[in-house]
Amino acid sequence: MLSNEIGWNFDNTYSKLPESFISKISPIPVKSPELTIFNYNLAEKLGLNFSSIEKNDLSKLFSGNLLPKGSKSIAQAYAGHQFGHFTMLGDGRAVLMGEHVSKNNERFDIQFKGSGQTPFSRNGDGRAALGPMLREYIISEAMHSLNVPTTRSLAVVKTGEDVVRENILQGAILTRVASSHLRVGTFQYVAIRNNESELRTLVDYTINRHYPNIKKSKNKAIDLLKVLIELQIDLVVNWMRVGFIHGVMNTDNMSISGETIDYGPCAFMDTYDPQTVFSSIDELGRYAYFNQPSITKWNLARFAECLISLIDPKKEKAIEIATETINSFDKSYETKWINMMRDKLGLFGQDQKDQVLIIDLLTWMHKNKADYTNTFCFLMDENFQHNKIYNDENFLTWKKRWKERLKLNNNTPEKYLSLMKSVNPLVIPRNHKVEEVLESANNNDLPPLKKLIKVLEKPYEKTKENIDYQSPAPASDKKYKTFCGT
Ligand code: AMP
Ligand code: MG
């Protein structure tokens, strides 16, 4: 029903993969679904039209109480290193409804998160709470507008059921849209089964779906590894650019499509400190801001291990090739990171002293507890928020050096400002603002949530609405902590 008008076009290739990869399962219906938020812009991008669907039916559709025609729902099996320890996992509270293929032939996974127990639930209830699902909605959509590759959020529906965590919370289901839900952990799951034919199936499936340009390659496994290394470097450089801290970079939370996935205890850094960690469970700072590149490399090494048997029939040779490939990470990351920082500072071309100039600014920010985002806002516009830390002598000396460097390579204020404005956001989802709107939403007051989402749609534009969202949290908030969204 309804699907002809909506435009769903499901083609469920993953459900045709070997039985061991999946479990066929439907979302478990919920008591009284009520739509909290719906992303009409994203629906339009998917070629879906919900304009004539009443809220009541939207609530049923995005809670799993009414199944979209053509969907073949499954839970996906995967494994993963969680904080360094290998575990068998799988979709324990999510169901993949299928792959929707849009009119321009783009394929999107449509997944319900919080949809009830599956064979992979272990001791969990398969459910999710409203706060964390709205948080994923806000932050994933903000990341999209910040031009960071990411999964997206189509809807959040309250289930009308309680979920029991430390407190009793309102249950909710998020509809997540992704290029795919293939993870490093999917490869780990298949590799550990020691079945080369299944592994080849997964590699071929991935290449067909995401990287058809390497379909004919002589050594598909190594080329897949090379592609993923570069995509993940691009991704983590983007995170570093906007001050995003993922918080739980386990291998099951690293996507093979190069999108940011699984928004749990993630948050944006305010005061610049490379060791920033928000997640309450990351006591050792494994996933701290500045560790993110080396963890990305570590995760990619786990990915490479899965592919060894396909890289070369001689194990030693395969390990040698894989190691050399993984070690290309460092140089490439360094180059991409420094170029990204050059962009943030409006610098064209290269100068030998660029690295020192960049590090000196970051060191100054760290020592002086400067706000990461707002320091770049200040460099783009000296009238921006009169913060007296920018009168600091060391900062002024640094600024002189920067101004000198700006004069190189035919730079002009128009050129450098336009470059800076394209990469330095004016607004990010600041932790205190996110918490504020989540609290209101929990009490059924949705306008603050909707306003924040709207502001975050245009993070690079100066607007009247942005101003209220640019200030860091008051000092009393400094011990901000995030919790896993379970
Ligand atoms: P995450 O921390 O969201 O990446 O989840 C890690 C693993 O725990 C995945 O296999 C999830 O499916 C599973 N999981 C998380 N929360 C729940 C829950 N409430 N019920 C069942 N499984 C869960
Ligand atoms: Mg996960």
Side-chain angles (χ1 to χ4, degrees), residues 1-8 10 25-43 46 48-75 91-98 100 108-118 121 124-138 140-141 151-165 167-178 263 437-450 453 485-486:
M1 90 172 262
L2 298 171
S3 61
N4 290 345
E5 317 151 49
I6 294 171
W8 285 121
F10 279 104
I25 187 160
S26 298
I28 297 169
V30 302
K31 199 165 133 198
S32 46
E34 186 192 336
L35 186 77
T36 298
I37 192 148
F38 190 77
N39 194 339
Y40 284 94
N41 289 340
L42 177 57
L46 299 174
L48 300 173
N49 180 4
F50 293 94
S51 57
S52 58
I53 312 289
E54 284 174 14
K55 189 177 166 194
N56 204 10
D57 285 329
L58 277 181
S59 307
K60 286 185 200 156
L61 274 171
F62 290 100
S63 58
N65 281 16
L66 189 65
L67 300 181
K69 195 174 150 201
S71 69
K72 278 207 175 105
S73 54
I74 54 171
D91 288 332
R93 56 158 169 174
V95 165
L96 177 65
M97 297 309 292
H100 165 72
F108 298 94
D109 268 11
I110 307 292
Q111 194 207 55
F112 291 162
K113 186 168 174 181
S115 53
Q117 284 178 322
T118 76
S121 295
D125 59 4
R127 292 296 185 195
L130 179 63
M133 294 306 100
L134 286 177
R135 207 161 177 282
E136 170 152 351
Y137 187 114
I138 298 168
S140 64
E141 286 305 299
T151 63
R152 304 219 31 207
S153 300
L154 184 60
V156 174
V157 175
K158 284 198 281 187
T159 59
E161 296 171 11
D162 289 342
V163 292
V164 185
R165 299 292 179 260
N167 302 315
I168 294 188
L169 304 167
Q170 303 183 70
I173 294 173
L174 169 86
T175 303
R176 176 155 74 181
V177 178
Y263 292 85
V437 306
L438 291 183
E439 202 179 315
S440 308
N442 249 321
N443 296 318
N444 263 331
D445 174 18
L446 296 176
L449 169 76
K450 292 186 176 166
I453 290 170
T486 48

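- Between the CG atom in Leu130 and the CG atom in Leu174 there is a gap of 10.5 Å [rounded to 0.5 Å].
- In this structure, the side-chain contact (heavy atoms from CB on, under 4.5 Å) partners of Lys55, at least two apart in sequence or on a different chain, are Glu34, Leu35, Ser59.
- The side-chain heavy atoms of Leu61 and Phe50, taken from C-beta on, include a pair separated by under 4.5 Å.
- Nearest heavy atom pair, residue Leu154 against residue Ala43, reads CD1-N, 3.8 Å.
- Partners of Asn65 according to the side-chain contact (heavy atoms from CB on, under 4.5 Å) rule, which considers only residues two or more places apart in sequence or in another chain, are Pro29, Val30, Pro33, Lys60, Ser63.
- Ile6 has its side chain out of reach of Lys69: every pair of non-hydrogen atoms, C-beta onward, lies at least 4.5 Å apart.
- Partners of Ser115 according to the side-chain contact (heavy atoms from CB on, under 4.5 Å) rule, which considers only residues two or more places apart in sequence or in another chain, are Pro27, Val95, Phe112.
- The minimum heavy-atom distance between Pro447 and Asp445, with the atom names listed, is CD-OD1, 3.1 Å.
- The two atoms that bring Val163 and Ala129 nearest to each other are CG2-CB, 3.7 Å, heavy atoms only.
- A donor-acceptor pair under 3.5 Å is absent between the side-chain atoms of Glu141 and the main chain of Arg152, judged by distance alone.
- Put simply, the side chain of Leu449 does not reach to within 4.5 Å of the side chain of Tyr137, judged on heavy atoms.
- Annotation for Ser71 and Phe10: closest pair N-CD1, 3.8 Å, computed over non-hydrogen atoms.
- In this structure a side-chain-to-backbone donor-acceptor pair under 3.5 Å is present from Asn49 to Ser51.
- The closest donor-acceptor contact from the side chain of Glu161 to the backbone of Gly171 lies at 3.5 Å or more, if one exists at all.
- If you take OG on Ser26 and NZ on Lys72, they are separated by 12.5 Å, rounding to the nearest 0.5 Å.
- For the atom pair CG (Leu58) and CG (Leu66), the distance works out to 10.5 Å, reported to the nearest 0.5 Å.
- Side-chain contact between Lys450 and Ile37 is present, with at least one heavy-atom pair separated by less than 4.5 Å.
- Across all non-hydrogen atoms, the minimal contact from Ile173 to Gly114 is CG1-O, 3.3 Å.
- Remark: the backbone N or O of Met97 is not paired with any side-chain donor or acceptor of Ser73 at under 3.5 angstrom.
- Note on ring orientation: taking the six-membered ring where Trp is involved, the planes of His100 and Phe108 are parallel (angle under 30°, cut-offs 30° and 60°).
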Could you give me the CA-CA distance, side-chain angles and deciding distance for Asp162 and Arg127, then say whether salt bridge (Lys or Arg N to Asp or Glu O under 4.0 Å) is met? CA-CA 9 Å; Asp162 289 342; Arg127 292 296 185 195; over 6 Å; no

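- Side chains of Ser140 and Ser153: a donor-acceptor N/O pair is present below 3.5 angstrom, by distance only.
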Candidate pair Asp109 and Val177, rule side chain to side chain contact (heavy atoms under 4.5 Å, CB included), full reasoning: CA-CA 6 Å; Asp109 268 11; Val177 178; over 6 Å; no

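- Side-chain contact, Gln170 with Asn442: a donor N or O sits under 3.5 Å from an acceptor N or O.
- Thr151 has its side chain out of reach of Gln111: every pair of non-hydrogen atoms, C-beta onward, lies at least 4.5 Å apart.
- Lys158 NZ to Met133 CE: the interatomic distance, rounded to the nearest 0.5 Å, is 15.0 Å.
- The distance from atom CD of Glu136 to atom NZ of Lys113, rounded to the nearest 0.5 Å, is 4.0 Å.
- Here OG1 of Thr175 is found 8.0 Å from CZ of Phe38. Values are rounded to the nearest 0.5 Å.
- Side-chain contact between Tyr263 and Ile138 is absent, with no heavy atoms from C-beta onward closer than 4.5 Å.
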